[in-house]
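Notes for the one structure printed next.
Per chain, numbering begins at 1; letters A, B, ... match sequence-line order.
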Amino acid sequence: MPELPEVETIRRDLSASILGKTFVGVTLNWPRMVQIPSPQAFEQLLKGKTIAGLDRRGKYLIFRLSSGESLILHFGMSGSLLLNPQNQANLHIRAIFRLDDGSRLYLRDPRKLGGIWLVEDENRLDRISRLGPEALDPRLTAEAFVSGAKGHSAPIKAVLLDQSFIAGVGNMYADEALFAARIHPTRRANSLSDEELTRLFHQIRRILEAAIDCCGASISDYRRPDGQPGTAQFVFKVAHRLSEPCPACATPIERIPIRQRGSYFCPNCQHKS
DNA sequence: CACTTTGTTTCCAC
DNA sequence: TGTGGAAACAAAGT
């Protein structure tokens with residue numbers, strides 16, 4: 001699941017082992033992933049370029065190349081990057097990047113929702129430039145989050161998932177943060193008090209940081225680059241726990257759709273008003 | 001077999 | 001123009 005903790009986990013896991021390495025080839029099993037340039041030109045354009053940095057913007061993983069260009073990866077639910085995978089039976093491999101030290105980066109994307117971009121300036125890529133402030137960026141203040149949220153009449157859960165409002169909060173983590181802040185997911189953002197929104201802001205940060213410490217969540221089949229699962233799902237209190245007792249009050253966890261996404265919450269701890 | 005799961009784009013109403 | 005809402009996309013697990 002390419003929510004921030006998974007992407008951030010990949011970035012941290014991979015950085016030390018691929019920085020300074022040079023691309024020598026690419027195999028594309030799903031050419032439609034490559035958005036810019038054409039799949040035919042992609043390999044030639046990438047070949048010979050060295051990975052100078054590994055970064056993240058929202059749910060996008062960004063390879064900074066020595067040429068000044070950026071190789072941008074985005075993969076759908078359960079997608080991940082595997083470094084020299086031992087288990088070749090782990091399929092849904094859409095691209096294989098070969099590096100000059102003989103190692104290989106496998107891009108898994110079972111849902112084929114991902115994309116690959118090679119661009120001179122990522123800020124000119126609409127989907128990057130339209131991202132809102134990073135949830136964990138220290139420059140994002142609670143005050144800015146609160147005032148921004150008050151400009152929306154949509155359900156607070158929908159606002160948290162809006163990447164142009166705040167980047168990096170995925171569905172599961174939005175549910176966990178709302179539970180921790182004791183806020184019902186359908187409440188309109190502009191109906192929340194300053195105190196509630198401030199509480200929510202700090203819980204978002206706490207939840208994301210905790211999930212990164214757990215190396216991401218493997219509720220689906222997400223795997224870290226070394227093939228190991230994350231463990232964040234074991235500390236989830238409501239996400240994907242339909243009908244299980246609320247850890248705070250034992251009321252069964254409920255699920256409702258918001259923006260066609262499953263939203264798990266405790267109807268007792270998270271009041272509607 | 002219908003439903004859920006994921007994030008983003010696209011389309012429509014206001 | 002922008003905001004809210006929903007369908008569509010794709011594929012696999014339950």
Fill in: Non-neighbouring partners of Phe145(A) that pass ring pair (Phe, Tyr, Trp, His ring centres under 6.0 Å), sequence neighbours left out
Phe165(A), Phe201(A)

Worksheet entry | Joint cluster assignment, Val26(A) & Ile51(A), ILVMFWY side-chain distance < 4.5 Å | yes

Worksheet item: When the distance from CZ of Arg261(A) to C1' of dT6(B) is rounded to whole Å, what number comes out?
Response: 6 Å

Worksheet entry | Minimum-distance nucleotide (side-chain atoms of Lys112(A) versus dT5(B), dT9(B), dA11(C)) | dA11(C)

Fill in: Atom CD of Glu244(A): over 12 foreign heavy atoms under 6.0 Å
yes

Worksheet item: Roughly, in whole Å, what's the span from CD1 in Ile128(A) to C1' in dG7(B)?
Response: 13 Å

Worksheet item: Within the structure shown, what part of the strands sits under 4.0 Å from Arg94(A) by heavy-atom distance: base, sugar-phosphate, or nothing?
Response: nothing

Worksheet entry | Pair listing, salt bridge (charged side-chain N to carboxylate O under 4.0 Å, His left out) test, anchored in residues 168-177 of chain A, at least two apart | Lys157(A)-Asp175(A)

Worksheet item: Is Glu196(A) salt-bridged to Arg199(A), cutoff N-O under 4.0 Å?
Response: no

Discussion item. Quick check: Phe179(A) with Phe265(A) (ring centres under 6.0 Å apart)?
Written reply: no

Worksheet item: When we call it a touch if two heavy atoms are under 4.0 Å apart, what does Gly115(A) touch: a base, just sugar-phosphate, or nothing?
Response: nothing

Discussion item. Students often get this wrong, so: under 4.0 angstrom with heavy atoms, is Tyr264(A) touching a base, only sugar-phosphate, or nothing?
Written reply: sugar-phosphate

Worksheet entry | No-H, no-angle donor-acceptor pair, Arg259(A) side chain to dG4(C) base, under 3.5 Å | no

Item to complete: Treating Ile, Leu, Val, Met, Phe, Trp and Tyr as nodes and any side-chain heavy-atom pair under 4.5 angstrom as an edge, say whether Val238(A) and Leu208(A) lie in one connected cluster.
Response: no

Practice prompt. Starting at atom CD1 of Ile258(A), determine the distance to atom C1' of dT6(B), rounded to an integer number of angstrom.
Written response: 16 Å

Discussion item. Output the rounded distance in Å from CG (Asp109(A)) to P (dT5(B)).
Written reply: 19 Å

Worksheet item: Can you check the Trp117(A) CH2 to dG7(B) C1' distance for me, whole Å?
Response: 11 Å

Response to the item:
Arg130(A) atom CZ is separated from dT9(B) atom C1', nearest whole Å, by 9 Å

Worksheet item: Nearest to the side chain of Trp30(A) - dA7(C), dT6(B), dA11(C)?
Response: dA11(C)

Response to the item:
Here the residues of residues 149-167 of chain A within 4.0 Å heavy-atom distance, strictly under, of DNA chain B are Gln163(A)

Discussion item. Whole angstroms only, please: what is the CD-P distance between Gln260(A) and dT4(B)?
Written reply: 11 Å

Worksheet item: Which nucleotide in the set dT8(B), dT6(B), dG4(C) lies at the smallest distance from any side-chain heavy atom of His74(A)?
Response: dT8(B)

Discussion item. Does anything in residues 263-273 of chain A form a salt bridge (charged side-chain N to carboxylate O under 4.0 Å, His left out)? List the pairs, not counting sequence neighbours.
Written reply: none

Worksheet item: With sequence neighbours left out, what residues match Gln35(A) under side-chain hydrogen bond (donor to acceptor under 3.5 Å, both in side chains)?
Response: none

Discussion item. Can you measure Arg127(A) atom CZ to dG7(B) atom P for me and round it to whole angstrom units?
Written reply: 13 Å

Worksheet item: Is Asp55(A) paired with Arg11(A) through a side-chain N to carboxylate O contact shorter than 4.0 Å?
Response: no

Worksheet item: Considering the terminal five base pairs at each end of the helix from dA2(B)-dT14(C) to dC14(B)-dG2(C), what angle separates the two local helix axes, rounded to 10°?
Response: 50°

